[in-house]
Amino acid sequence: MAEGLATTHDQAAHPALQHHFENMEQQREAGTLGMWVFLVTEIMFFGGMFLAYTLYRYKYPGAFAAASNHLDIRLGAVNTVVLIVSSFTMAMAVFSTQVGKRRNSIIFLIMTLVLGLTFLGIKAVEYSDKYRDNLIPGQLIPGHPFNPAVAQHGDADPHKLHLPEGVSVHNVEMFYWIYFAMTGMHALHMIIGAGILTVILILAWRGRFSPEYHSPVEISGLYWHFVDIVWIFLFPLLYLLGRHLEGHM
Amino acid sequence: MQSWFHYIVPESASTISGDVDAVYFYISGVTVFFVTLISLVIIFFVIRYRRRNAFEIPRPIEGSHKLEMLWSVVPLIIAMSIFAWGAKVYFAQYRPPQNALEVYVVGKQWMWKFQHPTGQREINELHVPVGRKIKLIMTTEDVIHDVFIPAFRIKMDVVPGKYTAEWFEATKPGRYHFFCAEYCGMNHSGMRGYIEVMEPKDFDNWLSGNANQMSPAAAGQAMFESLGCVSCHGANAEGGRGPALLGVFGSNVVLNNGQTVRADEGYLRESIINPQSKIVTGFGPIMPSFQGQLTEEQLLSLVAYVKSLSTAKPETPTAKPPAAGTPQSANPVKN
Amino acid sequence: MEEFTIQPPRTNYLNAEYGVKSWLLTKDHKRIALLYLGGVSFFFLIGSLYAMAIRLELLTPQGDLTQSSTYNKIFTQHGIIMVFFFLIPAIPATLGNFLVPMMIGAKDLAFPRINLLSWYIYMAGGIITIYALLAGGVDTGWTFYTPYSTTFSNSYVLTTGVGIFITGFSSILTGLNFIVTIHTMRAPGMTWYRLPLFIWAHYATSLIMILGTPVVAITILLLAFERLAHIGIFDPAAGGDPVLFQHLFWFYSHPAVYIMVLPAMGVVSELIANFSRKNIFGYKFVAFSSLAIAVFGFLVWGHHLFVASQSVYAGMIFSFLSFAVAIPSAIKVFNWTATLYKGSISYDTPMLYGLGFIGLFTIGGMTGLFLASLATDVHLSDTYFIVAHFHYIMVGGTLLAYLGGLHYWWPKISGRMYPEGWGRFSALVVFIGFNLTFSPQFVLGYMGMPRRYHTYPVDMVSWQVLHVLSTAGASILGVGLLIPLIYLAWSLRYGRIAESNPWHLPGLEWQTPSPPPTENFLETPIVTSEPYEFAPPETKEVVGKFERQTPAEAQW
Amino acid sequence: MSEHIVYPRVYVGIFLILLAGTGLTVLAAFRDFPGPLNAVMALTIATIKATFVVLYFMHVRYSGRLVWLVIASAMFWLAIMFALTISDYSSRGWLPI
Ligand code: HEA
Ligand code: HEA
Ligand code: CUA
Ligand SMILES: [Cu+2]
């Protein structure tokens, strides 16, 4: 079955070529495909939570709308914009590396990183608001159970939950549980992404990337954009779902 | 039951157990056929074409589309025949019967509580008449359990937070095992008991021998008052701020989103525990949720009461018909 | 091919480097395969000890060996260890890791570092789980049904869950590595239709690993939080639905049973073709049936929920699809059988295991039909019938194929031959012991004996008899499994030195020294022929024509 | 698979589309559309936004068939998970218990 010889490594192998690949093209292809396959696993991972969200939203529409309306839509929207800008700068960073503009690529990477951290900062503000309003579900934080103040009729205090008559706080808790599970997982991915970006940034600083070899930048970009996409879905599903009912409640 | 058969085939004592066995034996036949066929062919080939000398190289053989078709289509047809038959019997197994005697079942770690429509309670043992359809309406106070009666070939999980049901009609008097067939913790294997199938006349005797207990519907009515349901639904459930409950059970309820749902026990339960999920058209979502305030047995009583308000009522049990609303005492005691 | 024997080079992957560090930091897929072999065998031993404890307890109807709570932990831990730490990684991470690059003519997997990482992840998950078992054990059943697992069990559910969660990632990474490797690293000339069926099977397995495992990961994570924070998505007391847990769990765990059996089918395809010196009958059908199983396998999970209060109509859909998924398996069984036709069949140990697989898998698979059929599943669900069904496939099928594959590639892996006589003898003992252990359980299940039962009623006379038979069988099976353990270890030192191609086969992995050098091949192979090509394609026969082959033609 | 370079003006265009989409979805959310239309619109806008990110920022538009296949299979499996699970939940009430 095996006959003859095949050439091994190209004559002047690139220093970044790993020993088990034939050439840079193969190495790059493997890396990109690997990241895409990994993103598939991520889609399925988040998919499980989206499924739970769908079912319970259908089951407790009133509680979900009321709980969602209590989220801070301004912070959510700002964060959406922050992430979109960061996706843009990430794309620009990839472009700059592709055309060999090292300085630009470093600037764009730094911007992406800063925007990512901004997102996390805003998220932290939101979480602490929830903490203040006793909206952390269950005993997620020991000694600080889910126990929000419910607004009485005519009470406009924004820190209180505004529940339509008959909606059980119990089911509001379910919403918050899903909210924290999904945004928490998303934030975790952001943190990992920020870590990856830092590494890439250091490598770029040291001048490791070139128009011939930049697949690490590209692959990290794929990951970053994916995390952005998750948020593109989370934002309307979590923050916007009950807004149109606000007047009626 | 005399022969050795008794040792490898379970007792068959319900109207559907014969149908299930028929499917079982059909699949057994298919299995034995294919396993024998394949084994014999393999044994034949292995002997006939054994390697006779170390250097022999057989001629390669091209695959055959005709054969591939044959051995995918034939199994497919057989498989579909099993599917169709199995589904048909299953549907009969699970379509709730009309006019069944309804027994409420509550499982908890690790015992079974039964309550007859006439109020008699039993633990880990259930007396039923032969030749009557019995429907078990089941729920649990803690984890998932399962009522499995091998002799009747039925089994259904008992799931916390909702009602499930199974039914049977016993064909032979006798004492049959039932088991908890969903793993539920330490004493799972001890959560078993007997179904005592009796002649109708013996059953009536048994019932009247244990008669002086409040029927679930009567207990439910008392709670309907004590929990304040009357304030919205009216003292005789004739309606008020909330809809009238007379005749609701078994009817098709129109919801405010335009859908209609059938008001079965599950719907009644949901209306009390989680009223928000389905709002009756013409009413606001004002009914408070009673989640966490009622034991499963109390809930079952409430449901039984609302059911008793329907004309499409299950027919009265053989023994003393319960007079809904007679007792004065308030909350029934949880046993 | 006989003409030029490859001289074994002085260095091979085993002696290229020495020392513990050279193993623990290796990036060579072959060494990682051996690391996995060590881990997997260790967990199999533990799981087996639990199995023996189960069988001993069930000798009598009363629970006189252990407490109920202990028994519950025993079968739970048996199931968890065997499924997550033995059977899922067994073939892919050992044989697959070793052979996927060799069979496609690559120097290594695409991401060697990730490959090593996956082993560490696997061991980390394993150690955490073992810790949980030692600290107090877990008693939820391997299925972790809520709300028992979240609210009611007092055992180490959380720790075990974390262990399984972590191990899941090793599975994902292995699958990812295989997919990328098979796509991008095939040797020149290695087209898709020239891939050995072992590779097709592993490709299909990897698909399931990457598409299914993340879902069980998130499910277990949610479960862990629920246990930790006492509020939850699956908790009826909080308005959650326990059946949703079952949906999510089985969305992975049904496909996972195909993770367990597909690689075994790949091994068996190799064994059947190579030990009858024939190209496989209907190559494309066998190859694509693997993919079909991977895809259809995702459509049938609801057959585990027939009596779990799933809607009757969903039950019908899932039942229908379960019958459909049986067809690709049927295609494989028939093609293997047809491959034997007019072959030159040897009775070497691997082939005995391969043939045993076909028979036992067929029984296991056919009894799956009883469970896929709604009416009978109602009666058989959660009884010993199920226990028998899956042991027939997982032990009679996969374990046998694994042993067959281990013997088959042992010369390549270790450079030594195993003792053939002992091999055949133990294969026979395993086969007999196995059938005696698990066939009585079919009867038990039909009689109504529920699974996960510590005690059973005394008045069911035949039950104890059947249990005693089963335990007797398990003892024989245990002996049968102990023998290979001993002689394989023995052969490492005393076995006959293996040639590079002891079975005289055309596969790429045999065209390199045994044990292979670190780079697998002395030079990158170029592939010019179909797999399993023992004789020139011109001589190909079309089935249906029955000319005799002349002795001259039959020469090597 | 040789590399394709996407130029900044494309990126800027996509960026603007994404911003517009975000604005649109917020505006739409505050208006009450009949029936499930609110949810449908929100999801449609999100899907369109995601598609632009995938096609341009992630270069899929210029990638080989394999990447398309990978994405398609992810969508397909996600759809399986949703469709079959919902088939259970939506048909539960069809038969009274
Ligand atoms: C490797 C493991 C493996 C494999 C491959 C299978 C394969 C199959 N399984 Fe099995 N199964 C398990 C492991 C496995 N199973 C486990 C572990 C459980 C229990 C889980 C638990 O609850 O703990 C289980 C439980 C289980 C159930 C749930 C029962 C219940 O809980 O109520 C069902 C129901 O449909 C089922 C069906 C099937 C079917 C139809 C196949 C099919 O894929 C089989 C296809 C094969 C064949 C059909 C044989 C070859 C074909 C022929 C020889 C041709 C003739 C064919 C026809 C006429 C159709 N299995
Ligand atoms: C890969 C999977 C796998 C394997 C290989 C096995 C192997 C075996 N299993 Fe297991 N089993 C499961 C997976 C597996 N099982 C699962 C998933 C469950 C369900 C758990 C649950 O309900 O949650 C289960 C449940 C289960 C039960 C049901 C328990 C119950 O419901 O109450 C029983 C009962 O007989 C059983 C028996 C056996 C036996 C006798 C073997 C034998 O094949 C074992 C053979 C091995 C030996 C006999 C040991 C050989 C000896 C050595 C290699 C050396 C050992 C060293 C010393 C003794 C020093 N198993
Ligand atoms: Cu109750 Cu098992
Ligand atoms: Cu299954």
Side-chain angles (χ1 to χ4, degrees), chain B residues 7-8 10 20 23-24 27 31 34-35 38-39 41-42 45-46 49-51 55-64 68 71-72 75-76 79-80 82-83 86-87 89-90 93-94 142-144 146 148 150 153-157 159-161 164 177 179 181-189, chain C residues 68-69 141 145 147-148 152 236 277-279 281-282 285 307-309 312 316 319-320 323 326-327 330-331 334 337 340-346 359 362-363 366 369-370 373-376 378-379 381-382 443 447-448 450 452-455 457 462 534-535 539-543 549 554-556:
Chain B
Y7 292 107
I8 58 165
V20 175
V23 184
Y24 184 89
I27 313 177
T31 303
F34 276 102
V35 172
I38 289 167
S39 315
V41 172
I42 288 182
F45 284 171
V46 166
Y49 301 112
R50 67 187 175 278
R51 188 168 299 167
F55 297 106
E56 89 185 338
I57 292 290
R59 283 177 66 181
I61 291 184
E62 181 77 55
S64 151
E68 301 286 352
W71 60 50
S72 12
L76 184 66
M80 286 308 134
I82 303 176
F83 162 71
V89 173
Y90 175 73
Q93 266 166 309
Y94 277 100
D142 36 50
V143 302
I144 305 179
D146 184 303
F148 171 33
R153 310 285 188 275
I154 54 166
K155 173 184 288 140
M156 186 61 170
D157 275 8
V159 184
T164 57
H177 277 288
F179 301 102
E182 184 64 62
Y183 175 67
C184 54
M186 188 175 75
N187 211 4
H188 163 59
S189 64
Chain C
S68 287
S69 48
Y145 274 15
Y148 181 70
F152 291 85
R277 293 199 178 150
K278 282 270 304 291
N279 60 328
F281 195 91
F285 287 89
V307 295
S309 83
V312 170
M316 292 201 183
S319 167
F320 177 82
F323 280 103
I327 304 308
I331 292 177
F334 290 120
T337 311
L340 298 173
Y341 173 64
K342 286 194 179 180
S344 162
I345 300 168
S346 86
T362 303
I363 298 179
M366 295 295 291
L369 301 181
F370 289 81
S373 152
L374 289 152
T376 38
V378 168
H379 179 60
S381 183
D382 277 315
V443 183
M447 291 290 286
R452 298 169 172 178
Y453 256 36
H454 172 226
T455 62
S462 57
F534 287 84
T539 58
K540 217 168 227 183
E541 178 184 334
V542 179
V543 265
Q549 76 196 81
Q555 283 306 308
W556 178 261

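Here the structure is a predicted model, which means the values were calculated and not measured. All chains are named by letter (A, B, ...) in the order of the sequence lines, taking the proteins before the strands, and each is independently numbered beginning at 1. Just so it is clear, the values below take in all heavy atoms, side chains as well, and ignore hydrogens, waters and symmetry mates.
Contact of C:Phe334 with chain B is made through backbone and side chain together, with heavy-atom distances under 4.5 Å. Heavy atoms of C:Ala326 lying under 4.5 Å from chain B are absent altogether. B:Val159 touches chain C through its side chain: at least one heavy atom from C-beta onward sits under 4.5 Å away, while N, CA, C and O do not. Heavy atoms of B:Tyr24 lying under 4.5 Å from chain C belong to its backbone as well as its side chain. Of the atoms belonging to C:Ile327, it is side-chain heavy atoms, and not backbone ones, that fall under 4.5 Å from chain B. Using a 4.5 Å cut-off between heavy atoms, B:Ser72 touches chain C through backbone and side chain atoms alike.
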| task | Begin from the C-alpha positions of C:Val378 and B:Arg153 and carry the test side chain to side chain contact (heavy atoms under 4.5 Å, CB included) through to its verdict. | result | CA-CA 7 Å; C:Val378 168; B:Arg153 310 285 188 275; over 6 Å; no
| task | Test C:Phe323 against B:Leu76 for side chain to side chain contact (heavy atoms under 4.5 Å, CB included), laying out the working first. | result | CA-CA 8 Å; C:Phe323 280 103; B:Leu76 184 66; over 6 Å; no
| Trace of the side chain to side chain contact (heavy atoms under 4.5 Å, CB included) decision for B:Met186 with C:Phe152 | CA-CA 10 Å; B:Met186 188 175 75; C:Phe152 291 85; over 6 Å; no
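Rounding to the nearest 0.5 Å gives a distance of 8.0 Å between CZ of B:Phe45 and OG1 of C:Thr337. The CD1 atom of C:Ile331 sits 6.5 Å away from atom CD of B:Glu68, with the distance rounded to the nearest 0.5 Å. We find the CZ-OG distance between B:Arg50 and C:Ser344 to be 11.0 Å, quoted to the nearest 0.5 Å. Of the inter-residue distances, the one linking C:Ile363 atom CD1 with B:Ile38 atom CD1 reads 10.0 Å to the nearest 0.5 angstrom.
Residues satisfying the side-chain contact (heavy atoms from CB on, under 4.5 Å) test with B:Thr31, not counting sequence neighbours, are B:Ile27, B:Val35, C:Met366, C:Phe370. Partners of C:Phe320 according to the side-chain contact (heavy atoms from CB on, under 4.5 Å) rule, which considers only residues two or more places apart in sequence or in another chain, are B:Met80, B:Phe83.
C:Ser346 places a side-chain heavy atom less than 4.5 Å from the side chain of B:Arg51.
For the options B:Val41, B:Asp146, B:Ile42, heavy-atom pairs under 4.5 Å to chain C are most numerous at B:Ile42. The most heavy-atom pairs under 4.5 Å with chain B, out of C:Pro450, C:Gly359, C:Ala330, come from C:Pro450. When each of C:Thr362, C:Leu369, C:Leu340 is checked for heavy-atom pairs under 4.5 Å with chain B, C:Leu340 comes out on top. When B:Ser39, B:Cys184, B:Gly161, B:Pro160 are compared by the number of non-hydrogen pairs under 4.5 Å with chain C, B:Pro160 comes out ahead. For the options B:Val89, B:Val46, B:Ile154, heavy-atom pairs under 4.5 Å to chain C are most numerous at B:Val46.
Across every non-hydrogen atom of B:Pro150 and C:His379, the tightest pair is O-CE1, 3.5 Å. For the pair B:Phe148 and C:Gly448, the tightest heavy-atom approach, listed with the atom from each and the gap, is CE2-O, 3.3 Å. Scanning both residues, C:Ser373 and B:Val23, for their nearest heavy atoms gives OG-CG1, 3.8 Å. B:Ile8 and C:Met447 make their closest contact through C-SD, 3.3 Å (heavy atoms, listed as atom of the first residue, atom of the second, distance). Nearest approach of C:Phe281 to B:Ser64, heavy atoms of both residues: CZ-N, 3.7 Å. What you find for B:Asp142 and C:Pro147 is that their closest heavy atoms are O-CG, 3.7 Å.
Aromatic ring orientation, B:Tyr49 versus C:Tyr341: perpendicular (interplanar angle above 60°, classes split at 30° and 60°).
A distance-only check finds a donor-acceptor pair linking the side chain of B:Lys155 to the backbone of C:Ser381 [under 3.5 Å]. A distance-only check finds no donor-acceptor pair linking the side chain of C:Asn279 to the backbone of B:Glu62 [under 3.5 Å].
Residues B:Tyr183 and C:Tyr148 bring their aromatic ring centres within 6.0 Å.
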